[in-house]
Amino acid sequence: VKIFAPNIEQRDVVNHLKGSPTGEKRNVLVESARLARGDIQDLAELKVSEFDAVIFPGGFGVAKNLCSWAVDGKDCTVNEHVRATLQAFHNAKKPIGLCCISPVLAAKVFPGCEVTVGQDKNVDGRFPDAETASAIAELGCKHVCKNVNESHVDKANKIVTTCAFMCKAPLHEIFDGIGTMIEEVLKLA
């Protein structure tokens with residue numbers, strides 16, 4: 001297992017106690033190295049031939065830095081190194097795992113693919129970002145409704161997705177869903 005991140009400036013730095021931008025400037029690779037305890041490489045250096053699969057976590061880092069979804073929605077752009085990585089794994093017929101908001105990366109890069117970000121309706125307030133499913137459909141992809149503890153496998157494209165924090169659920173349910181995503185990626189590897 002190796003961890004990679006793009007060597008780019010963050011869109012913004014957020015004070016998570018207040019929920020507002022700080023005005024600071026930080027680098028995505030440097031911040032990712034803090035989380036990965038320094039054991040990380042620039043995404044531009046990733047060689048698909050050295051790996052069996054790739055997995056993208058989700059969160060605002062994806063929506064703001066790996067693409068511009070947080071600002072532009074379905075009209076977003078995907079970072080060039082992220083796009084190249086996804087295309088390289090797809091072309092090599094190696095599995096791609098995506099959770100939380102990161103399935104939108106596949107929706108932008110692989111028209112016609114199947115992904116899940118949970119439900120397409122805000123069921124009992126658990127899916128406050130349910131409109132993301134509609135945006136995925138507008139991009140020409142199929143959104144498959146799944147519960148938080150499930151994942152969806154697009155066998156034709158070897159893409160495995162789960163909604164994770166796109167659902168307001170207890171952490172153990174999110175953990176279970178991510179676990180099914182990992183299991184399915186490993187089956188395809």
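Just so it is clear, the values below take in all heavy atoms, side chains as well, and ignore hydrogens, waters and symmetry mates. For clarity, every value in this text was computed on a predicted model and none was experimentally measured.
Nearest heavy-atom pair, G177 versus T180, reported as atom, atom and distance to 0.1 Å: O-OG1, 2.7 Å. Between D52 and K94, the shortest heavy-atom contact is O-CB, 3.6 Å. For I174 against A169, the heavy-atom pair with the smallest separation is CD1-O, 3.6 Å. Contact detail for N157 and H90: the closest heavy-atom pair is OD1-NE2, 2.9 Å. Nearest heavy atoms, A53 versus V185: CB-CG1, 3.6 Å. Across every non-hydrogen atom of G59 and C100, the tightest pair is N-SG, 3.7 Å.
The closest side-chain heavy-atom distance from R11 to S68 is below 4.5 Å. Here the side chains of M166 and V148 are not in contact, with every heavy-atom distance at 4.5 Å or above. Between F89 and L46 there is a side-chain heavy-atom pair separated by less than 4.5 Å.
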Report the C-alpha separation of D39 and I3 in whole Å, then their side-chain angles, then the decisive distance to 0.1 Å, and conclude whether the side-chain contact (heavy atoms from CB on, under 4.5 Å) test is met.
CA-CA 7 Å; D39 188 14; I3 303 171; 5.8 Å; no
Can E183 and L186 be said to form a side-chain contact (heavy atoms from CB on, under 4.5 Å), step by step?
CA-CA 5 Å; E183 287 175 14; L186 293 175; 5.9 Å; no
Worked check of side-chain contact (heavy atoms from CB on, under 4.5 Å) between T132 and W69
CA-CA 10 Å; T132 303; W69 189 274; 3.9 Å; yes
Passes side-chain contact (heavy atoms from CB on, under 4.5 Å), F56 versus I101? Steps please.
CA-CA 10 Å; F56 282 82; I101 191 65; over 6 Å; no
Check against salt bridge (Lys or Arg N to Asp or Glu O under 4.0 Å), K187 and E184
CA-CA 5 Å; K187 286 179 190 174; E184 293 298 334; 3.2 Å; yes
Audit row: F4, F51, ring pair (Phe, Tyr, Trp, His ring centres under 6.0 Å) steps and yes/no
CA-CA 12 Å; F4 294 86; F51 299 93; 5.7 Å; yes
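Taking the charged nitrogens against the carboxylate oxygens, R34 and E31 do have a contact shorter than 4.0 Å, which makes a salt bridge. Between R126 and E173 a salt bridge is recorded (basic side-chain N to carboxylate O distance below 4.0 Å).
Note that CG of D154 and SG of C113 are 6.0 Å apart. Values are rounded to the nearest 0.5 Å. Taken to the nearest 0.5 Å, the CG atom of L29 stands 11.0 Å off from the CD atom of Q10. Separation of atoms NZ (K64) and SG (C76) is listed at 14.5 Å; rounding is to 0.5 Å. Interatomic distance, CZ of R26 versus CD of E9, reported as 12.0 Å (0.5 Å rounding). Remark: E131 CD to D120 CG distance equals 11.5 Å, nearest 0.5 Å.
Judged by distance alone, the side chain of H143 and the main-chain N or O of V117 form a donor-acceptor pair under 3.5 Å. K158 contributes a side-chain N or O that, together with a main-chain N or O of K93, makes up a donor-acceptor pair within less than 3.5 Å. A donor-acceptor pair under 3.5 Å is absent between the side-chain atoms of K108 and the main chain of V78, judged by distance alone. In this structure, the side chain of T162 does not engage the main chain of C99 through any donor-acceptor pair within 3.5 Å. Using modelled atom types, one side-chain atom of N15 and one backbone atom of K18 make a donor-acceptor pair closer than 3.5 Å.
V160 and F165 fall within a single hydrophobic cluster, where Ile, Leu, Val, Met, Phe, Trp and Tyr are joined by side-chain heavy atoms under 4.5 Å apart, directly or via other members. I55 and I40 are not part of a single hydrophobic cluster, where members link through side-chain heavy atoms under 4.5 Å apart. M181 is not connected to F127 by any chain of hydrophobic side-chain contacts under 4.5 Å among Ile, Leu, Val, Met, Phe, Trp and Tyr, and they are in different clusters. Residues I178 and L188 share a hydrophobic cluster, clusters being chains of Ile/Leu/Val/Met/Phe/Trp/Tyr side chains in contact below 4.5 Å. Under the 4.5 Å side-chain heavy-atom criterion for Ile, Leu, Val, Met, Phe, Trp and Tyr, L66 and V115 are members of the same hydrophobic cluster.
With H81 as reference, L43 is the one residue of L43, I8, L86 to meet the side chain to side chain contact (heavy atoms under 4.5 Å, CB included) rule. Evaluated for a side chain to side chain contact (heavy atoms under 4.5 Å, CB included) with K74, the options V104, L139, I136 yield exactly one hit, L139. Under the side-chain hydrogen bond (donor to acceptor under 3.5 Å, both in side chains) rule, H152 has a single partner from E114, K142, K146, which is E114.
The number of heavy-atom neighbours closer than 6.0 Å to NZ of K168, taken from other residues, nucleotides and ligands shown, is 12 or below. A 6.0 Å sphere centred on CG of N91 holds more than 12 heavy atoms belonging to other residues, nucleotides or ligands.
Among residues two or more places apart in sequence or in another chain, the salt bridge (Lys or Arg N to Asp or Glu O under 4.0 Å) test is passed with K155 by none.
Judged purely by distance below 3.5 Å, without hydrogens or angles, the side chains of N27 and N7 pair a donor atom with an acceptor atom.
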